[in-house]
Amino acid sequence: MTGKEYRTITDVKGPLVFLNKTEPVAFGEIVSLRLSNGTIKNGQVLDTSDDLVIVQVFEGTAKIDREAGVTFMGDVFKLPVSTDLIGRILDGAGRPRDGGPDIVAEETADIIGAAINPYSRRSPHDFIQTGISAIDCCTSLVRGQKLPIFSASGLPHNDIALQIARQAKLTASDEEFIVVFCAMGITAEEYNFFRADLERTGALENAVLFVNLADDPAVERIITPRLALTAAEYLAFEKDYHVLVIYTDMTNYCDALRQIGAAREEVPGRRGYPGYMYTDLAMLYERAGLVKGKKGSITQFPILTMPGDDITHPIPDLSGYITEGQIVISRELHQAGIYPPINVLPSLSRLMGSCIGEKTTREDHKSVSDQMYAAYAQGRELRGLVAIVGEDALNERDKQLLEFSGVFEDKFLRQSRYEDRSIEETLDLCWTLMSSIDTKYLVRLDQKWIDKYHPDNRE
Amino acid sequence: MKNEGLIYRISGPVVTAINMKAAMYDVVRVGTEGLMGEVIELHGDKAVIQVYEDTSGIRPGEVVVNTGETLSVSLGPGLLTQIYDGIQRPLPTLEKEMGVFLTRGVDADAFDLEKIWTFEPQVAVGDTVTGGQVVGHVQETDTIVHKIMVVPGKGGVVKSIESGDFNVTQTICTFEDGSEMQMLQEWPVRTPRPYQQKYPPVIPLVTGMRILDFLFPLAKGGAAGIPGPFGSGKTVTQQSLAKYSDAQLVVYIGCGERGNEMTEVLDEFPHLIDPNTGKPLMERTVMIANTSNMPVAAREASVYTGITIAEYYRDMGYDVALMADSTSRWAEAMREISSRLEEMPGEEGYPAYLSTRIAEFYERAGRVETLNGEDGSITVIGAVSPPGGDISEPVSQGTLRIVKVFWGLDAGLARQRHFPAINWLNSYSLYPQSLDQWFRDNIAQDFPEIRIELSGLLQIESELQEIVQLVGSDALPVDQQLTLEVARMIREYFLQQNGFHEVDAYCDINLQYKMAKAILAFQESAKAAMASGAQLGDVVNVPSRSDLMRGRLNKGYIDTIDDMVKTMLDEIAATVEDN
């Protein structure tokens, strides 16, 4: 069938091309379109029947007319994979963007990816030290986890992602991560920022970049993360690498999904996003993890910007239901000049319990983390009260907690973009800061840790 | 028309076949790889099929074969301890066949058909047996006797009955009319198994979670909904119920949820001990895991697979608890299929029949008299994941209309690390009326009154908190400050419970009662002491009270709590003399 060119386009609508009178075409098959001016565009079959085939065109349908030739390639979308990918920059459809040669495939892999058998997964439990106190102490990251950054426009999520990419390491060993970076619809400026930073720190040599920029075809964004994850799976499960996948910005991805849904005249779900968006996002996020019998791992750091800072918007909402927690960036803290402006209160790491403690971080970690969180939460709440009744109305305990909430933001959260705090340093810092509160109010700390770690009891 | 047709169209998980003889819900094999599917719509000579596996690469013109059967589960000894996908394929077998990634076109028996079980007959030659009647016993696990029942609708006069070692496909009983019976039977998942009558729910499902057992109890045979936004602890609550509730059997359906979380369950359960029998929990558990990235049609089927297995054990006379986490993902699967069928949508794109399907599912719960005259029950606990935590959406509303117990999870409480983050002000249970007699007879005569007192105190607290928000707590009169202190004790000592703590995770119902009494005893003695001139600060800060509160984390608390309460009361009385 490959090679036979059809000129039977009936309709072109948005990113979709409709054609008829074809021989049987497979669902998901890739398609090449030759325009009258010789341009080649690529697409994928979204719906197929004896009478009508619907093709989604990745590069947009500009200049496509009813004379365009359509060739079905006889296969579903596959990415050539090999360890040569490491150090390369590819575009959103997997073609070299760095002027280098084509990837010589060791094998080709279906980009949709098969689901991991839940029975064949290994439980994640290796603590990843990011060097950022707020994350390490309060929302600890585990190898094999998917932990998104919920941010919003104008906030420094890119700096945080880069800092994590730079500093992430296992405390137990010096194994390094391979970074797979996947850009979806970000600006050239943002991309240059990422690239320059990775280049400067030498991380680029250990990275694979898939780049779809804001002016690249929107529909291509649907496949970009799938390419990135296919590369990640190959490196992790065939070549034993530990892979850290950073993708940004998921909001652009979801908007592209909505665009296709609208063009197909599908019944929309909330806010016009397709009803299958949960399943679609799960097909990406669930490609994180560890599997039995393979050494490598995939850890995911998706970045998404919440439209209107709204955490109940369908994109963060559906993501939050799939990912294992979230790191929430706060505009309020950012405006107060604090970097990284991580609001630990709505942030969460679901797998934290499995990676902290005596064997991996430190015996007092859980206790300290709970107490820091509780004291900060109470302090923040008191700020509201003080605004009404004034500080004088507070009792001694409340005064201490109120003061602590300021110290927490200023000393614990705040650190420089290049400051890499070890987990020991982070936990010691917590103890120092908590010592400003009378011990009798620190009810979540076990007495044995107070005896051992409280500054009053050390030397 | 024949039983074989051709593919006409493919759109995601929905495939249309032409020229095939088909009836609704027939199971078909699609394409050269023989992917499993189910007929869900008929249009003239076109049959619309939902396919339980990935359809990429399939072409129009490939063959579709109708098996003529409806989607069924295999029932028989060997179900327990299994881990299935949504269409009852055992995941460990799939791993052997496909490796760690789920590919397609592989069929697998639901359990080992060759395994030998010891069959003990319970009927004799010449007996007349009818559908649902038990013909023999098999010890399936240490705790569960598997009762081999005649398929409902079948039966007759026993011509021969075997005894001894057989596998599930060998004939163990023959009837005068020439029909035979094996231990293995099939049942269509979308058809509820029959029973004689439904009983009113009068026995609680004791869960070991204080807020549930004490304030919002669930009856055996009842249905509960747990809605909550992400991060509020739905899954942890469901898992605690699966671990500690006093059901004899548990069916746990992980429907469209996280892979890593499912792995945690799969890793953890085999090592856990059932507090009610002292045996490994796995021995009373059947698990169904269809994670969010596994085929969406199989997710739709998974809840039916689960509840049919539950009904089968109910028919043996067991109390079964079924957890579905999350029913929203199931509803979304229906929505996805419905939208592919281009059906006219109801609210938020969900099909118009959503609430009917939800109601039908929960209605399969209940305490019944089985066909063989035994008492059996299915308690259904469904998690709901409302978008943005807003329960005005169709799935939550469809669920709340039918369930009698609502455990509302609260993001605010979760953020304060108050777990289980069940909001005591908006949750409810409609069962106390029918269960109170049981509590009076089995725990304590005044159990219902204590419950009312505790929830009353929490109600008053929420009203007082509004004032405190404005003027600070010091501005309240001391008796109200004491009420706040008592309510705080209820929240921190009684309602909060650490699902991961080896002792605190499960709290005996008798101990729950003692703890509740201890709180009220504190209130009473504090009031008395303050009436005699003691200071509030001295009363609430007696050291023995924090000992009492912390004591719940220690083993054997049920034996020491009475003495600790006594010490506390003495110390409080002593604060009067200090003044």
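Residue numbers start from 1 in every chain, and the chains themselves are labelled A, B, ... in the order their sequence lines are given, proteins ahead of strands. This structure is a prediction, so every number in the text was calculated from the model and none was measured.
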So for [X], is it side chain, backbone, both, or neither that comes closer than 4.5 Å to the heavy atoms of chain A?
X	value
B/Val265	neither
B/Leu6	neither
B/Asn260	both
B/Pro90	neither
B/Val100	both
B/Leu94	both
B/Arg335	side chain
B/Glu257	both
B/Ile10	both
B/Arg329	side chain

**Prompt:** Are A/Arg383 and A/Leu402 close enough that some pair of their side-chain heavy atoms sits under 4.5 Å apart?
**Reply:** yes
**Prompt:** Does some side-chain heavy atom of B/Val30 sit less than 4.5 Å from a side-chain heavy atom of B/Glu53?
**Reply:** no
Find the one option among [options] whose heavy-atom pairs under 4.5 Å with chain B are most numerous.
options	value
A/Gly28, A/Ser120, A/Gly384	A/Ser120
A/Glu233, A/Gln145, A/Arg270, A/Met283	A/Arg270
A/Val45, A/Val76, A/Ile322	A/Ile322
A/Glu266, A/Arg287, A/Glu324, A/Gln326	A/Glu324

Winner by heavy-atom pair count (cut-off under 4.5 Å) against chain A, out of [options]:
options	value
B/Asp390, B/Thr291, B/Thr55	B/Thr55
B/Gly254, B/Pro229, B/Ser11	B/Ser11
B/Met262, B/Arg417, B/Met294	B/Arg417
B/Glu264, B/Glu95, B/Lys234	B/Glu95

Chain B heavy atoms under 4.5 Å from [X]: which part of the residue, side chain, backbone, both or neither?
X	result
A/Ile388	side chain
A/Tyr373	side chain
A/Gln378	neither
A/Arg350	side chain
A/Ile54	neither
A/Thr323	backbone
A/Arg264	side chain
A/Leu348	side chain
A/Pro274	neither
A/Tyr276	both
A/Pro124	side chain

Side-chain donor-acceptor distances from residues 339-346 of chain B under 3.5 Å, at least two apart:
from, atom 1, to, atom 2, distance (Å)
B/Glu343, OE1, B/Ser338, OG, 2.8
B/Glu343, OE1, B/Tyr353, OH, 3.0

**Prompt:** Taking NZ, NE, NH1 and NH2 as the nitrogens, is one of them in A/Glu381 or B/Arg415 under 4.0 Å from a carboxylate oxygen of the other?
**Reply:** no
**Presence of salt bridge, B/Glu97 and B/Arg89, under 4.0 angstrom** = no
**Asked** For A/Lys399, does the NZ atom sit with more than 12 other heavy atoms under 6.0 Å from it, leaving out its own atoms?
**Response** yes
**Prompt:** Should the heavy atoms of other residues, nucleotides or ligands under 6.0 Å from CZ of B/Arg550 be counted, would the total exceed 12?
**Reply:** no
Going by atom types only, do [X] and [Y] share a side-chain donor-acceptor pair under 3.5 Å?
X	Y	answer
B/Thr235	B/Arg258	no
B/Ser326	B/Ser385	yes
A/Asp51	B/Tyr8	yes

**Asked** After noting the C-alpha distance and the side-chain angles of A/Tyr285 and A/Ser319, does the key distance pass the side-chain hydrogen bond (donor to acceptor under 3.5 Å, both in side chains) rule?
**Response** CA-CA 8 Å; A/Tyr285 295 142; A/Ser319 296; 2.8 Å; yes
**Message:** Can you give me the closest heavy-atom contact between A/Leu52 and A/Phe18, atom names plus distance?
**Reply:** CD1-CB, 4.1 Å
**Item:** Heavy-atom pair of closest approach, residues B/Asn290 and B/Ser302
**Value:** CB-CB, 4.4 Å
**Request:** Give the intermediate values and the outcome of salt bridge (charged side-chain N to carboxylate O under 4.0 Å, His left out) for residues A/Arg271 and A/Asp317.
**Result:** CA-CA 12 Å; A/Arg271 301 224 187 170; A/Asp317 192 53; over 6 Å; no
Just distance, no hydrogens or angles: give the donor-acceptor pairs under 3.5 Å from side chains in residues 288-296 of chain A, sequence neighbours left out.
from, atom 1, to, atom 2, distance (Å)
A/Lys292, NZ, A/Tyr119, O, 2.8

**Message:** Using modelled atom types and a 3.5 Å cut-off, is there a donor and acceptor pairing between side-chain atoms of B/Glu300 and backbone atoms of B/Met334?
**Reply:** no
**Request:** Answer with yes or no after comparing the ring centroid distance for A/His313 and A/Phe150 against a 6.0 Å cut-off, counting only values under it.
**Result:** no
